[in-house]
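Note sheet for the following structure.
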Protein chains: 2
Amino acid sequence: MIQQVSLCIAGFGSASKAFCHMLMQQHQRILKDYNTDIRITGIAGRSKGSLLDPGGINLVRAMEEMTASGSFSRDNPQYSTHDTLHIIEGSDANVLLELTTLSILDGQPAISHIETALLKGMHVITANKGPIAWDYSRLKKLAEAQNRLLLHETVVMDGTPVFNLVNETLPGCQVLSFKGILNSTTNFILEELENGSSYDETIKEAQRRGFAEADPSLDVDGWDAAAKTSALLNTLMNGQITPPDIERTGITHITPEEIKKARDQGFKIKLLCEGWFENGHVMGRVHPVWIRMNDIFSTIDATTSLLCLQTDLMGEICVVERHPEIEQTAYGIFSDLLTLLKKKYP
Amino acid sequence: MIQQVSLCIAGFGSASKAFCHMLMQQHQRILKDYNTDIRITGIAGRSKGSLLDPGGINLVRAMEEMTASGSFSRDNPQYSTHDTLHIIEGSDANVLLELTTLSILDGQPAISHIETALLKGMHVITANKGPIAWDYSRLKKLAEAQNRLLLHETVVMDGTPVFNLVNETLPGCQVLSFKGILNSTTNFILEELENGSSYDETIKEAQRRGFAEADPSLDVDGWDAAAKTSALLNTLMNGQITPPDIERTGITHITPEEIKKARDQGFKIKLLCEGWFENGHVMGRVHPVWIRMNDIFSTIDATTSLLCLQTDLMGEICVVERHPEIEQTAYGIFSDLLTLLKKKYP
């Protein structure tokens with residue numbers, strides 16, 4: 001007997017599209033390996049339009065419309081004018097995929113999307129770091145009270161195992177501290193400045209390649225890195241912290257002259273995220289650091305990222321994501337979906 | 001109701017001792033978190049003597065004897081003169097820990113220890129790469145037929161998640177190829193030669209620090225690296241290959257002059273392990289390679305190791321184990337034990 005599992009997608013940017021492509025490619029494999037027919041019953045795309053049909057959205061048609069015009073067609077019989085919360089509630093889905101864009105100021109409206117879904121008995125997979133950076137402890141408790149899963153592998157380093165690495169493969173280990181290079185835009189800017197490009201040229205190129213936000217201040221002022229640091233502290237080190245609690249220095253004051261001076265002395269400048277315990281409390285910091293050229297952190301170029309964890313029983317281990325594309329973000333969401341199928345729909 | 005799980009340990013070198021220390025430290029935590037009382041009912045230590053008692057060995061006394069004299073005392077009432085296979089069979093244990101030293105020629109006698117244990121209905125945790133490099137496919141099938149687990153996280157990179165990384169955190173992903181620096185002794189030798197030490201001095205220092213074998217040819221001729229390459233191909237890429245099938249070049253022909261020449265041109269020489277598919281078959285190679293100094297592989301110093309996996313859905317990710325000690329080997333065995341408790345004694 002084949003089981004049906006239905007998804008509602010909130011937010012329809014590039015990661016959502018890449019996820020839908022991956023889902024269509026892998027549909028038969030999930031049917032075979034997990035005995036599960038995945039369908040999508042709601043998509044809340046705001047300016048791109050929304051689709052709603054508890055009987056299952058025609059994803060082929062939806063993706064064709066999106067490719068053709070960048071939005072869902074009002075002629076589509078599954079088109080809906082409801083707002084995101086109504087789409088989530090009306091979708092009758094088993095799982096919410098919270099893929100809206102990050103609001104760094106408060107994690108909203110993603111937090112209320114997740115709350116609504118959990119209270120309705122849905123599992124939640126989020127690629128949005130806001131809720132995890134701002135309100136993880138409370139949302140986690142709510143999920144547990146509802147006997148539902150809240151999965152968020154994509155929040156740091158796309159689909160590279162970070163949270164699952166600790167939870168699934170380091171049993172009995174306590175994370176004591178971490179260091180990482182986790183923001184692609186600033187990493188790319190610092191590298192391009194070293195290569196002689198100007199700040200403005202570099203930002204434009206990062207936006208063109210799709211990894212910098214329209215508003216670059218989220219990246220260059222260290223807010224994105226602070227949100228990831230907060231998310232890691234909350235999930236891996238049992239913290240209850242928010243992005244403004246992270247000591248934060250961005251890269252806007254770094255001049256090409258300072259970068260050249262560092263290079264001449266055998267260093268690179270990298271924006272480092274750090275987390276640790278101090279007097280029983282979690283602490284976090286984001287700041288540019290001079291790193292010696294033979295250090296592993298100095299080799300993390302362009303969109304590559306690195307996270308090193310110091311643990312009690314397993315010493316220090318690191319994970320590296322090399323040169324990811326949007327498919328690796330899609331895979332993070334997809335891997336959470338397979339984790340969910342394994343744990344809750346065996 | 002507290003459950004009892006009993007272990008039999010074959011081989012009592014430094015990793016076994018470190019594991020026993022970790023087990024004693026973590027005993028209360030396992031009792032609390034897993035509701036399980038772990039006891040050891042057999043230790044087969046060959047030249048160090050053996051202990052056997054299906055009712056449970058007095059581990060405190062055993063470790064005191066080992067610390068005092070380097071072997072178990074013949075006055076110990078649990079002392080046994082049986083050979084390893086008899087200890088395994090007589091221990092009446094739930095789990096065999098196969099921790100004997102590697103026989104690179106054929107993977108024996110570890111393979112027969114594992115077979116004996118599986119046929120007797122025991123789960124098996126091995127830190128010995130021989131059986132996984134030589135005979136994984138058959139042993140895995142035997143374990144499945146017996147409905148028992150065969151766990152081997154420690155075989156490559158100690159307790160750093162490698163096999164669990166792929167199996168537990170990259171669901172639906174196929175490993176397409178890998179590259180790694182996986183042998184500490186050769187990595188240390190190449191680095192020390194670069195620093196001006198002699199070959200013989202360096203080998204002695206590596207032996208003194210405990211990571212080089214008494215017979216250095218296993219390391220410097222690339223056999224240890226080939227066994228790890230074979231183990232990775234067999235487990236992650238469904239191979240049926242043995243160490244002699246790996247194309248293998250060691251480091252004995254590398255001169256200080258070549259290392260200096262490489263350095264002058266901005267390269268380091270590293271012994272690289274590689275695995276890939278060719279015409280539907282797995283292929284493996286171990287060979288010294290010139291690596292550019294800004295490449296992540298060039299920063300892997302001393303006993304640090306690195307494995308980069310190329311996958312179909314998740315692109316390229318790497319794991320790094322930085323400066324491990326023997327406790328990290330012990331943790332690999334310990335983490336397999338916790339995995340076993342979670343999966344088979346929930």
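Residue numbers start from 1 in every chain, and the chains themselves are labelled A, B, ... in the order their sequence lines are given, proteins ahead of strands.
For A/Phe334, there are no ring-ring contact (aromatic ring centres under 6.0 Å, His included) partners two or more places apart in sequence or in a different chain. With sequence neighbours excluded, no residue forms a disulfide (SG to SG under 2.5 Å) with A/Cys173.
B/Pro171 touches chain A through backbone and side chain together, each having a heavy atom under 4.5 Å away. Residue contact with chain B, scored on non-hydrogen atoms closer than 4.5 Å, is absent for A/Leu306. For A/Phe163, no part lies near chain B; criterion is any non-hydrogen pair under 4.5 Å.
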Could you show, one pair per line, the donor-acceptor contacts under 3.5 Å between chain B and chain A?
unit_1	atom_1	unit_2	atom_2	d
B/Arg29	NH1	A/Gly172	O	3.4
B/Arg29	NH2	A/Gly172	O	2.5
B/Glu168	OE1	A/Lys342	NZ	3.3
B/Leu170	O	A/Tyr331	OH	3.4
B/Pro171	O	A/Tyr331	OH	2.7
B/Gly172	O	A/Arg29	NH1	3.3
B/Gly172	O	A/Arg29	NH2	2.5
B/Leu313	O	A/Gln328	NE2	3.2
B/Glu316	O	A/Arg322	N	3.0
B/Glu316	OE2	A/Arg322	NH1	3.1
B/Cys318	N	A/Val320	O	2.9
B/Cys318	O	A/Val320	N	2.9
B/Val320	N	A/Cys318	O	2.9
B/Val320	O	A/Cys318	N	2.9
B/Arg322	N	A/Glu316	O	3.0
B/Arg322	NH1	A/Glu316	OE2	3.1
B/Gln328	NE2	A/Leu313	O	3.2
B/Tyr331	OH	A/Leu170	O	3.4
B/Tyr331	OH	A/Pro171	O	2.7
B/Lys342	NZ	A/Glu168	OE1	3.3

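Contact check for A/Pro161 versus B/Leu165: side-chain heavy atoms found under the 4.5 Å cut-off.
A ring-ring contact (aromatic ring centres under 6.0 Å, His included) check over residues 303-322 of chain A, counting only residues at least two apart or in different chains, returns nothing.
With respect to chain B, the highest number of heavy-atom pairs below 4.5 Å among A/Cys318, A/Gly159, A/Cys308, A/Ala330 belongs to A/Cys318.
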